Amino acid sequence: MPGPRRRSETPLATSPAQNSATDVVRWATFSCALVPVVLLWFGTSLAGAAGTALGLAAVTAVCRILLRQSERGAARLLAEERPPHRGRHHRTGTGAHRGGRHTGGNTPVG
């Protein structure tokens with residue numbers, strides 16, 4: 001008889017939430033490079049475009065830090081919700097092991 005199905009134990013690095021956070025950071029980084037180019041294309045000064053790029057990079061870095069911190073907190077909460085490991089046959093505590101010698105009690109005297 002097959003045992004109960006285990007929850008897939010994939011690392012958080014492959015979870016959809018972390019992939020979406022990584023995608024957000026990638027798009028933000030792309031924007032940090034694209035926005036100054038567009039600003040220069042439309043005639044903004046080099047100093048203005050560079051200042052905008054630095055500002056976007058700072059905001060992106062702070063957002064990345066906050067996203068990573070949030071992911072760690074969520075992983076910690078998820079780990080606290082999981083039940084403790086119960087062993088091979090999902091039995092714990094006294095009387096969990098079968099067989100062996102039993103002392104006293106209901107043994108007939110013959």
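Side chains included, hydrogens not; waters and symmetry mates left out as well; all remaining heavy atoms used. Note that the coordinates shown come from a computational prediction; the quantities given were computed from them, not determined experimentally.
The nearest pair of heavy atoms linking Ser31 to Pro36 is O-CD, 4.0 Å.
Under a hydrophobic clustering in which Ile, Leu, Val, Met, Phe, Trp and Tyr are joined whenever their side-chain heavy atoms come within less than 4.5 Å, directly or via other members, Val35 and Trp27 fall into different clusters.
The main-chain N or O of Leu40 is never found under 3.5 Å from a side-chain atom of Thr44 such that the two would form a donor-acceptor pair.
At least one side-chain heavy atom of Leu78 sits less than 4.5 Å from a side-chain heavy atom of Glu81.
Here Arg76 contributes atom CZ and Glu71 contributes atom CD; the two are 12.0 Å apart, rounded to the nearest 0.5 Å. Note that OG of Ser70 and CD1 of Ile65 are 13.5 Å apart. Values are rounded to the nearest 0.5 Å. Rounding to the nearest 0.5 angstrom, the gap separating the CG atom in Leu56 from the CG atom in Leu34 is 10.5 Å.
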